[in-house]
Amino acid sequence: PRWEGGTLDNYYNISPLERANWSFLKMGLQKSWRHAYNAYVLGMQPSPTPAMRRGSLVHLLTLEPHKFSTEYVVAPDINRRTKPGREEWDRFVQQAGKRQIIKQDDYDEAVAIAANVCHHTFFAQLSLDPTLQRETTVVWDMLGVPCRGRMDMVTANAVIDLKTCADASPEQFRRSIYRYGYHGQMAFYRDGAGVDDAYIIAVETGGSHEVAIYKMSGTLLSEGRDMYRRALDEFKGCATLHDTLQEDAFPSYSPEPVII
């Protein structure tokens with residue numbers, strides 16, 4: 001593997017046809033390769049959901065808090081029902097530029113979530129590891145496919161991913177692992193980084209924002225490895241057809257009735 005660092009914008013500016021990333025592979029496997037191609041090659045991704053926006057904010061406040069003021073700005077309390085208020089708001093929006101505008105309540109909640117993660121013993125110990133890298137890009141080749149991963153945290157021995165969730169209890173979070181393909185992602189990152197272990201830090205977005213730490217078992221990683229290898233094999237077939245300019249190289253759903 002090769003460690004590149006770099007910004008998130010640079011990471012997503014690389015086409016998955018050049019270096020496949022997990023989001024692209026998972027969508028191709030779980031939805032269709034046409035959906036994956038449209039979203040990650042043609043840029044036809046749907047707008048982020050509120051949960052996704054909250055997750056991104058929590059990630060930044062936890063892992064790269066120094067970047068907050070350059071990427072976000074908290075909206076002031078302005079009465080936009082009046083003409084002076086609307087004018088003041090327009091000035092604020094202009095000053096915000098490309099920064100994402102967020103509500104004070106959303107900021108306060110994200111700060112509380114991030115604080116619980118940072119105060120957790122596991123995270124505190126991890127932060128002392130001299131080999132720790134945060135929000136870094138790793139590139140590698142797997143099964144003849146150039147790959148890349150944007151890893152939340154990686155050390156000489158492990159990859160660690162931060163996940164926000166509604167319920168971090170073992171039973172419910174295990175369901176989330178299968179529902180969202182976290183085992184495929186963690187196996188993909190672990191094997192790509194060439195490390196031994198994979199952990200997930202799960203933090204609840206509601207209530208008192210409790211934190212749970214999960215180490216991926218050998219069984220889960222094996223299932224995840226099967227998942228990402230199947231995705232890579234299917235992608236290679238699509239890419240070969242794409243290179244020969246064949247139509248429907250990245251197919252959608254089956255044109256035939258499917259028994260479910």
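For this chain, numbers begin at 1 and follow the sequence in order.
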Note: with side-chain heavy atoms under 4.5 Å as the link, the other cluster members for Leu132 come out as Val58, Leu63, Ile113, Val117, Phe122, Phe123, Leu126, Met153, Ile160, Leu162, Tyr199, Ile201, Val203, Val211, Ile213
> NE2 of His66: more than 12 outside heavy atoms within 6.0 angstrom?
Replying inline: yes
> Can Phe250 and Asn38 be said to form a side-chain contact (heavy atoms from CB on, under 4.5 Å), step by step?
Replying inline: CA-CA 9 Å; Phe250 291 86; Asn38 288 345; over 6 Å; no
By ring pair (Phe, Tyr, Trp, His ring centres under 6.0 Å), Phe24 pairs with (sequence neighbours left out) Trp33, Phe235
- Message: Under a plain distance cut-off of 3.5 Å, with no hydrogens placed, do Asp108 and Gln104 share a side-chain donor-acceptor pair?
- Response: yes
Interatomic distance, CG@Asn116 vs NE2@His120, rounded to 0.5 Å, equals 9.5 Å
Residue set satisfying side chain to side chain contact (heavy atoms under 4.5 Å, CB included) with Glu87, at least two apart, ordered chain then number -> Lys83, Arg91
*Kindly check if the number of other-residue, nucleotide or ligand heavy atoms within 6.0 Å of NZ (Lys103) is above 12?*
no
Exercise. For Arg53 and Ser47, test the side chains for any donor-to-acceptor distance below 3.5 angstrom and give the result as yes or no.
Key: no
Salt bridge or not between Asp141 and Arg19? Use side-chain N to carboxylate O under 4.0 Å.
yes
For this session: Verify the cluster assignment for Tyr253 and Met27: are they in a single hydrophobic cluster under the rule of side-chain heavy atoms below 4.5 Å apart?
Result: no
Residues 210-233 vs side chain to side chain donor-acceptor pair (under 3.5 Å), sequence neighbours excluded, gives Tyr178-Glu223, Asp191-Arg225, Asp191-Tyr228, Ser208-Glu210
Would Phe173 and Asp167 satisfy side-chain contact (heavy atoms from CB on, under 4.5 Å), going step by step from the backbone distance to the final call? CA-CA 7 Å; Phe173 196 75; Asp167 190 335; over 6 Å; no
For Glu204, the salt bridge (charged side-chain N to carboxylate O under 4.0 Å, His left out) test, sequence neighbours excluded, returns none
Could you check Phe68 against Tyr107 for ring pair (Phe, Tyr, Trp, His ring centres under 6.0 Å), going step by step and ending with a plain yes or no?
CA-CA 11 Å; Phe68 175 80; Tyr107 171 73; 5.0 Å; yes
With sequence neighbours left out, the residues meeting side chain to side chain contact (heavy atoms under 4.5 Å, CB included) with Thr131 are Asp129, Thr155, Ala156
Leu128 meets the side chain to side chain contact (heavy atoms under 4.5 Å, CB included) criterion, sequence neighbours left out, with none
With sequence neighbours left out, the residues meeting side chain to side chain contact (heavy atoms under 4.5 Å, CB included) with Thr70 are Lys67
Between the NE2 atom in His59 and the CD atom in Glu135, the distance rounded to the nearest 0.5 Å is 6.5 Å
* Within 6.0 Å of CZ in Arg174, more than 12 heavy atoms from elsewhere -> no
Residues pairing under salt bridge (Lys or Arg N to Asp or Glu O under 4.0 Å) where one sits in residues 68-77, two or more places apart or in two chains, turn out to be none
Heavy atoms of Ile78 and Gly85 approach each other most closely as CG2-O, 3.2 Å
So CG of Leu25 and CD of Gln185: to nearest 0.5 Å the spacing works out to 11.5 Å
Hits for salt bridge (charged side-chain N to carboxylate O under 4.0 Å, His left out) against Arg54, two or more places apart or cross-chain, chain-then-number order -> Glu109
Between the CD atom in Glu64 and the CG atom in Asp152, the distance rounded to the nearest 0.5 Å is 9.5 Å
Value for CE (Met186) from CD1 (Ile177), rounded to nearest 0.5 Å, stands at 9.5 Å
Members sharing Val258's hydrophobic cluster, built from side-chain contacts under 4.5 Å between Ile, Leu, Val, Met, Phe, Trp and Tyr, are Ile260
With a 6.0 Å cut-off on ring centres, are Trp140 and Phe188 close enough? yes
Contacts of Lys26 meeting salt bridge (charged side-chain N to carboxylate O under 4.0 Å, His left out) (sequence neighbours excluded), chain-then-number -> none
One should read off an interatomic distance between Gln100 CD and Asp106 CG, to the nearest 0.5 angstrom, of 10.0 Å
